[in-house]
Amino acid sequence: MIKIIDCGSQLTQNIARRIRELGVFTEIVPFHTKPNKVLTKDLEGIIISGGQFSVYDENSPLYSKDILNSDMPILGICYGQQSIAHILGGKVRQAVNREYGETKVSIIKTSPLFKGIPKNFKVWMSHGDVVEEVPKDFKIIAESQNKEIAAMQKANIYSVQFHPEVDHTEYGRKILDNFLTICNAARTWDPTREYNKIIKETKEKIKGKTGVGGISGGVDSTTLSVLLNKIADKNYHPIFIDNGLLRLNELAEVKSILNELNLNVIYVDARKKFLKELKGITNPDEKRKIIGNEFIKIFEEEAKKLDAEYLAQGTLYPDVIESVPVYGSSSKIKRHHNVGGLPEKMNLKIIEPFKNLFKDEVRKIAKQKLGLPKKLIYRHPFPGPGLGVRIIGEITKEKLMTLKKADSIFIEELKKRNIYNNISQAFAILTSTQSVGVMGDEHTYKNIIALRAVTTKDFMTADWYDFDKKDLTAIVNRIINEVDGINRVVYDITQKPPGTIEWE
Ligand code: XMP
């Protein structure tokens, strides 16, 4: 296995995702993990992540020098490169030109890390500091267009200033693949092989017990429900909560999908309760917290009625990592409602069978092991807090109706035009901002709707979908003509990072 030393980067999970995709098992450990816990027998290599710190910051995440002296193959990324230089006696300084976004690098010395890669290629950078002087015996193997050190190497220790783990870096995968070859890492990781282990462990935990859990009609919670239904022998009760923040006709659509799967679904209408609690709330984190708390209250109520002893959650590996920041809340991007939002005292035991898997690993299990229908597996994901995080500011019934209509036109057109399956996630956002327009002879002052459509493999980096002009024009015209209160539509062309997929 490969261990990734997390120095607080929001991209650490991407590294893990890529390494697993390349067939090698990997785990993320915090930078302060003791060297003997990092340097275990099964270890084949170490990756040191990026992070938002400078090596000169007072609380900079500096790991033990023993790790660098361990003879293990090592790859440092961004802050990983700077910290290797710093710990081994090189020099780090502020970059003269802060490199952010797409940059070009040139390979200046052959290295096994760059095997099969052309001399010049595009990379994605995000850093304020650079290595000015490499440590003793290191050689510079690549430089950036600004002539900064883009990569260095000494024997088995490699580092790069750019991010090979994001899709925007050309040959990023190839660089990580080369590193795994350097490590001679066993390419044996396959999530479907985890399936039997998951079944066995979960069976032991829930034997003879009754349980509840959420179901949204999305791939994670539905796969979880199908799996638990299989092993809990009708003692597992998935709960679908209508929180009033669902899309137009969502309840009916979800019902039709779930009916085919023969699950014990309990439907709860909690629309009034959620909207009451959300009244007047504008802060996104607070909205998420309230929604999360309401979900839990309902699960507890339903669990009580059934004498249930456990609550199953579709928690994924990224949720677990995002909820355990290296320092305070600096590296936490968002509060995902299914982790972190649980009350400290809860009478239900938590069961999280997928907590070591990424989303597409769950999809693989859903498809190959549980035979779930394609239309479910490839349904665009919909966040737990629903439209609550797609209305900027306060949520009201009127705003919800406006957004539902606009969103439904958008999705309907994508399906009609056969574009839906080319896009990983698409939705509308009500910006709660008005702008001036002219309709007929009249001036208008109405709301702006934003459209977001992204393509992504893992939802951790994403690109905006490049529409044909005729498709986008038709969608925009329909929204303005058919949805009251809208006179302008904008299309979001922000990549992730730096943007997130959702707006709140
Ligand atoms: P972001 O906005 O973080 O979204 O780029 C990445 C993916 O996660 C979904 N998402 C959520 N899902 N609860 C969820 O269940 C949440 O609070 C939440 N926030 C974002 C988002 O829709 C996208 O697919």
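Note that ligands are numbered from 1 as they come in the structure, with each ligand's atoms numbered from 1 the same way. Keep in mind the model is a prediction, meaning the values are calculated, not measured. Atoms considered below: every heavy atom in the structure, side chains included; atoms not considered: hydrogens, waters and symmetry mates.
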Using distance alone, determine whether [X] and ligand 1 share an N or O pair under 3.5 Å.
X	result
I501	yes
F459	no
Q425	yes

TODO: Determine, for D167 against R173, whether the closest basic-nitrogen to carboxylate-oxygen distance falls under 4.0 angstrom.
DONE: yes

Check each atom of ligand 1 against the heavy atoms of [X] and keep those under 4.0 Å away; list them by number with element.
X	value
G384	12 (N), 13 (N), 14 (C), 15 (O)
P385	13 (N), 16 (C), 17 (O)
T500	1 (P), 2 (O), 5 (O)

In terms of the angle between their ring planes, are [X] and [Y] parallel, tilted or perpendicular, with boundaries placed at 30° and 60°?
X	Y	answer
Y491	F467	perpendicular
Y267	F240	tilted
F274	F295	perpendicular

Open item on the list: Minimum distance, heavy atoms only, to atom 10 (N) of ligand 1: which one of P497, P383, G499 is it?
Closed with: P383

TODO: Would you indicate which of E504, K496, R288 comes nearest to atom 18 (C) of ligand 1 when only heavy atoms are counted?
DONE: R288

Task: Option among I423, L451, D471, L472 that satisfies the side chain to side chain contact (heavy atoms under 4.5 Å, CB included) test with Y465 - done: I423

Open item on the list: For the residue pair Q82 / D129, report whether a side-chain donor-acceptor contact shorter than 3.5 Å exists.
Closed with: no

